[in-house]
Amino acid sequence: MKRLIMASAIAASLVFAAGAMAHGDEEHGKKEEQSAEDHAAALGKPGDPRKVTRSVNVEMNDAMRFRPDSIRVKRGETIRFIVRNTGKVKHEMVLGTIEELKEHAEMMRKFPEMEHADPNQVSVEPGMTGELIWRFTRAGTFDFACLVPGHFEAGMVGKVRVGR
Ligand SMILES: [Cu+2]
């Protein structure tokens, strides 16, 4: 049942994202760009591993912090986040808008054993390193967070600033 709930939530967000992508990135007015920023597709799309332009190292720790917690990229860059968990509990890095992350954190609190594997997130066991490849197609400030129950609430969040 829990899986079902999450599966349909993911399906809904995928449909949403696919619709936004079909519009294309380039030739649209500011208005649409603004409204697109309200959901996941606003921050880009899963990156092609063959087209990575830069790697960024990120550490996650049991102080409930990302290091760095502020990352700058250029619009159009495909970033390989190399995410190392130096703590003793599992952590994860999930890209999204702060509203989505809040909603997702709420769901994780209700269903703490929920596992998920979306292209905008990577879960990393203690002492391990994971990777997340993302292409940032829009300028703006986006967020990332650890959605292991309690971590988001403890301030395990960061920002990606995408410049033109
Ligand atoms: Cu965490």
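Computed from a predicted model, the values in this text were never measured in an experiment. Hydrogens, waters and symmetry mates are skipped; everything else that's a heavy atom, side chains included, is used. Note that ligands are numbered from 1 as they come in the structure, with each ligand's atoms numbered from 1 the same way.
In this structure, a donor-acceptor pair under 3.5 Å is absent between the side chains of His91 and Asn61.
When all heavy atoms of Leu101 and Asp143 are compared, the pair lying nearest together is CD1-CB, 3.7 Å.
Checking side-chain atoms of Asp48 against main-chain N and O of Val52 turns up no donor-acceptor pair under 3.5 Å. Put simply, the side chain of Asp118 never gets that close to the backbone of Asn120: no donor and acceptor are under 3.5 Å apart.
Minimum-distance N/O/S atom of His91 relative to the Cu ion (ligand 1): ND1. With respect to the Cu ion (ligand 1), His151 has ND1 as its nearest N, O or S atom.
At least one N/O/S atom of Met156, whether from backbone or side chain, sits less than 2.8 Å from the Cu ion (ligand 1).
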